[in-house]
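Take a look at the structure set out below.
Only a predicted model underlies this, so the values are computations on that prediction, with no experimental measurement involved. In what follows, every chain begins at residue 1, and chains take the letters A, B, ... in the order their sequences are listed.
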Number of protein chains: 2
Amino acid sequence: MDEENRFCPVEAALAVIDGKWKPYIFRNLSGRTMRFGELQRDLPYVTRKILTQHLRELENDGIVVRTVFPQVPPKVEYSLSDYGKTFIPIMSSLSGWGQAHVERDNHDRAKQPDG
Amino acid sequence: MDEENRFCPVEAALAVIDGKWKPYIFRNLSGRTMRFGELQRDLPYVTRKILTQHLRELENDGIVVRTVFPQVPPKVEYSLSDYGKTFIPIMSSLSGWGQAHVERDNHDRAKQPDG
DNA sequence: CTGTATCCCTATAGATACTG
DNA sequence: CAGTATCTATAGGGATACAG
């Protein structure tokens, strides 16, 4: 967006999960607090760099809380903030619609193999 | 996504409006059927190429219906399909959350100008 | 364990010109 | 009017190596 007057609140919401792995990170943290390494194990296709980057962005957006335990070796925990939890219903409706969309898509392709 | 078993329905939903101008196109078509040129006028920052491309993708996802009137000069109308309309509630909740998010953001920055 | 720093690569979008 | 074709620019992500 270049002009403020064209700003769309939908984009503001989408920006929060704009990042290839953010929905997955969000889903993981929806259940419980997790350490960095735990997230890595649950998301084996994300590199440390990108995982860190996405977590920082989620933190800056107020969605995620980062807690550093000053010890050796380092221990860092991530969790959804109360504010972040207000996004859970959005994710749920996206998930519901998306699920139906995938099924509809499969159904259509089954009837029209040539797409 | 490389592996099917990691597939996330949230991504499937997001993919539908994945495109810089798709939320705006969607919003425009939510109200009424529009001709290509009308969309262009309402979205002056989108090039014809991108507008066409996004509309094609929305059509392929079953969201938008494209109606060609075989006449000279050409006339093409775009509208939301019934299926596309099922996405309106999703957009509404995104919009609502996004609106609050922007306001929260402004509020925070007012308190912490260096944030 | 939890990161950073670099370099590279691709996907997406914009500029511009051409067309039925 | 409603596109398509071509070229370019850039932002996001990934591979890899290094570090406190």
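- In this structure, B:S81 and B:G84 approach most closely via the heavy-atom pair OG-N, 2.8 Å.
- Remark: B:Y45 is not in phosphate contact with C:dA15, judged by side-chain N or O atoms under 4.0 Å from OP1 or OP2.
- Within the model, atoms CZ of B:R27 and OG of B:S92 stand 9.0 Å from one another, a figure rounded to the nearest 0.5 Å.
- For the segment residues 26-42 of chain B, residues with any heavy atom less than 4.0 angstrom from an atom of DNA chain D are, sorted by number, B:R35, B:F36, B:G37.
- Remark: the backbone N or O of A:P89 is paired with a side-chain donor or acceptor of A:S93 at under 3.5 angstrom.
- In terms of heavy-atom proximity, B:I17 sits nearest to B:P23 at O-CD, 4.0 Å.
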Would you sort out whether B:F26 and B:L80 count as a side-chain contact (heavy atoms from CB on, under 4.5 Å), showing the intermediate values? CA-CA 8 Å; B:F26 190 93; B:L80 286 193; 3.8 Å; yes
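- OP1 or OP2 of D:dG3 lies within a sub-4.0 Å distance of a side-chain N or O belonging to B:Y78.
- Between D:dC18, D:dA15, D:dA2, one nucleotide has an atom nearer to the side chain of A:T47 than all others, and that is D:dA15.
- Side chain of A:K20, nearest nucleotide from D:dG14, D:dA2, C:dT2: D:dG14.
- Distance, B:L43 CG to C:dG14 P: 11 Å, rounded to whole Å.
- In this structure, CZ of A:R48 is placed 14 Å from P of C:dA5, rounded to the nearest angstrom.
- For the pair A:D105 (side chain) and A:H101 (backbone), a donor-acceptor distance under 3.5 Å is absent.
- Using a distance-only test at 3.5 Å, with no hydrogens or angles considered, a donor-acceptor pair links the side chain of A:E38 to the main chain of A:R35.
- DNA chain C lies under 4.0 Å from at least one heavy atom of each of the following residues of residues 51-69 of chain B: B:Q53, B:H54.
- Between B:Y83 and A:W97, the two ring planes are parallel [angle under 30°; tilted spans 30° to 60°].
- One can place CD1 of A:I50 at 12 Å from P of C:dT4, the figure rounded to the nearest angstrom.
- Remark: C1' of D:dG13 and CD1 of A:I17 are 18 Å apart, rounded to the nearest angstrom.
- Nearer the 5' end of DNA chain D, as judged by each residue's closest nucleotide, is the contact made by B:K75, out of B:K75 and B:K49.
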What donor-acceptor contacts under 3.5 angstrom involve side-chain atoms of residues 53-64 of chain B, with partners at least two apart or in another chain?
{"from": "B:R56", "atom 1": "NH1", "to": "B:Y78", "atom 2": "OH", "distance (Å)": "3.3"}
{"from": "B:E57", "atom 1": "OE1", "to": "B:K22", "atom 2": "NZ", "distance (Å)": "2.6"}
{"from": "B:N60", "atom 1": "ND2", "to": "B:R56", "atom 2": "O", "distance (Å)": "3.3"}

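- Rounded to an integer number of Å, the gap from NZ of B:K22 to C1' of C:dA11 is 13 Å.
- Protein atom CG of B:D18 is 17 Å distant from nucleotide atom P of D:dA11, rounded to whole Å.
- Of the candidate nucleotides D:dA2, C:dG14, D:dG14, C:dG14 has the atom lying nearest to any side-chain atom of B:W21.
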